[in-house]
Number of protein chains: 2
Amino acid sequence: MPSPSSQAKEPTALDRIRKAGLRPTRQRLALAKLLFANGSRHVTPESLFNEARSKRVNLSLATVYNALHDFTECGLLREISIEAGRSYFDTNTTEHHHFYFERTGKLQDVSLDSVRITSLPDAPPGEKVKRVDVVIRLAK
Amino acid sequence: MPSPSSQAKEPTALDRIRKAGLRPTRQRLALAKLLFANGSRHVTPESLFNEARSKRVNLSLATVYNALHDFTECGLLREISIEAGRSYFDTNTTEHHHFYFERTGKLQDVSLDSVRITSLPDAPPGEKVKRVDVVIRLAK
DNA sequence: TCTCGATTTAGAATAATTCTAAAATCCGTT
DNA sequence: AACGGATTTTAGAATTATTCTAAATCGAGA
Ligand SMILES: [Mn+2]
Ligand SMILES: [Mn+2]
Ligand SMILES: [Zn+2]
Ligand SMILES: [Zn+2]
């Protein structure tokens, strides 16, 4: 008999890291737990580093950068650029868009189907469309 | 009688700067000439600085930053963020979108009407949509 | 020409990120 | 459980983009 809940279980941090083909080190596990604990998140290296510290997870900022890049390369995260000089990493790797709150610097997911794009130009010769990013910038 | 050409004349660099309410200094005039000489351009502070130097326009990098920001605040330019750690300034201030060539870091305008957005989510309470940016990322 | 606020400038400062190379860790094999 | 080699982490230095500081220069009206 399957487990009591009928919901598909969220993969554990260990599952995710293993499936990505990365070595499950103490630091990566801790960061994956923070990142994937609940729902979609948008972190900066600095914000994740501070969160880890405040939870007494001991690691260096360089490791946070390394892990975020490694996770991104393995498809566990995706990187978003909104403001020059600050990078965001998104735990939601499905196709979707964003609200950007200019006042606070926060991002919020916008589902794919709430933004209907009914025409797009052809890619220039020799190029392929890799991704279409829609950012809805918000201010007062 | 009007001038020989039936085209509306492009405003001169001096016109633009005056109309923006900025003092037409030697440096601003030189940069405006480079920026608005022909067609739509997408520059980085560094690229514009190098271009100026190569044309023997003597100014400092700080002045390029100052001018780009001043021009942007006056509506002569608009700023675009595509990649963390690099900012672009666009001489096309009309509403439009962009191709981004990941290999070269170059931007190309995409006209407003070649991207038809037929639905957008409502702005969250207390917020207004300031701008909708569509970036079509290209790779091989 | 005089005056004074605006602008420019060199260089220092700051911020985000990457690099370096040594130490620690992971993990398959003994 | 110990070994050994590859991988990962780390502190700190280095790099890059940008902003700041404060002194010199410039622009434009009186
Ligand atoms: Mn990287
Ligand atoms: Mn500014
Ligand atoms: Zn997202
Ligand atoms: Zn443009």
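Letters go in sequence order (proteins before strands), and every chain restarts at 1.
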>> Expressed as a whole number of angstroms, how long is the span from A/L22:CG to C/dC26:C1'?
In response: 13 Å
>> Counting only side-chain nitrogens and oxygens, does A/T25 get under 4.0 Å of the OP1 or OP2 atom of D/dT8?
In response: no
>> Please determine whether a side-chain nitrogen or oxygen atom of A/Q27 lies at a distance below 4.0 Å from atom OP1 or OP2 of C/dT25.
In response: no
> C/dT8 C1' sits how many Å from B/F71 CZ, rounded?
Replying inline: 13 Å
>> Any carboxylate oxygen within less than 4.0 angstrom of a Lys/Arg side-chain nitrogen, looking at A/E83 and A/R137?
In response: yes
>> On DNA chain D, compare the nucleotides closest to A/L59 and B/P45; which residue's is nearer the 5' end?
In response: A/L59
> Mapping B/N58 and A/S87 to their closest nucleotides on DNA chain C, which lands nearer the 5' end?
Replying inline: B/N58
> Counting only side-chain N and O atoms of B/H69, is one of them less than 4.0 Å from OP1 or OP2 of D/dT19?
Replying inline: yes
>> Given C/dT9, D/dA11, C/dC27, identify the nucleotide with an atom nearest to the side chain of B/R26.
In response: C/dT9
>> Is it the case that the base of D/dT8 and the side chain of A/R23 share a donor-acceptor contact (distance under 3.5 Å, atom types as modelled)?
In response: no
>> Whole angstroms only, please: what is the CD-C1' distance between B/E83 and C/dA16?
In response: 14 Å
>> Taking any heavy-atom pair under 4.0 Å as a contact, classify B/D70: base, sugar-phosphate, or nothing.
In response: nothing
> Starting at CG of B/L31 and ending at C1' of C/dT9, how long is that distance when rounded to a whole Å?
Replying inline: 14 Å
> Taking atom CZ of A/R56 as the centre, does the number of heavy atoms from other residues, nucleotides or ligands within less than 6.0 Å exceed 12?
Replying inline: no
>> Taking salt bridge (Lys or Arg N to Asp or Glu O under 4.0 Å) as the criterion, tell me which of A/R131, A/K130, A/K128 meets it with B/E102.
In response: A/K130
>> If the cut-off is 4.0 Å, is A/Y65 near the phosphate of C/dT17, judged by side-chain N/O to OP1 or OP2?
In response: yes
> How long is the line joining CD of A/E73 and P of D/dT8, in whole Å?
Replying inline: 11 Å
> Is a side-chain donor-acceptor pair under 3.5 Å present for B/T12 with B/D15?
Replying inline: yes
> Which residue, A/L61 or B/T63, contacts DNA chain C at a nucleotide closer to its 5' end, judged by nearest heavy atom?
Replying inline: B/T63
>> Any base atoms under 4.0 Å from B/T44, or only sugar-phosphate, or nothing? Heavy atoms, all strands.
In response: nothing
> Whole Å only: how far is the CG atom of B/N50 from the P atom of D/dT16?
Replying inline: 14 Å
> Only one of B/N92, B/D90, B/D133 forms a side-chain hydrogen bond (donor to acceptor under 3.5 Å, both in side chains) with B/H98, so which one is it?
Replying inline: B/D90
> For A/I82 and C/dA16, what is the distance between atoms CD1 and P respectively, to the nearest whole Å?
Replying inline: 17 Å
>> Below the 4.0 Å mark, does D/dT8 have OP1 or OP2 next to a side-chain nitrogen or oxygen of A/R28?
In response: yes
> Tell me: CD1 of A/I17 to C1' of D/dT7, nearest whole Å?
Replying inline: 14 Å
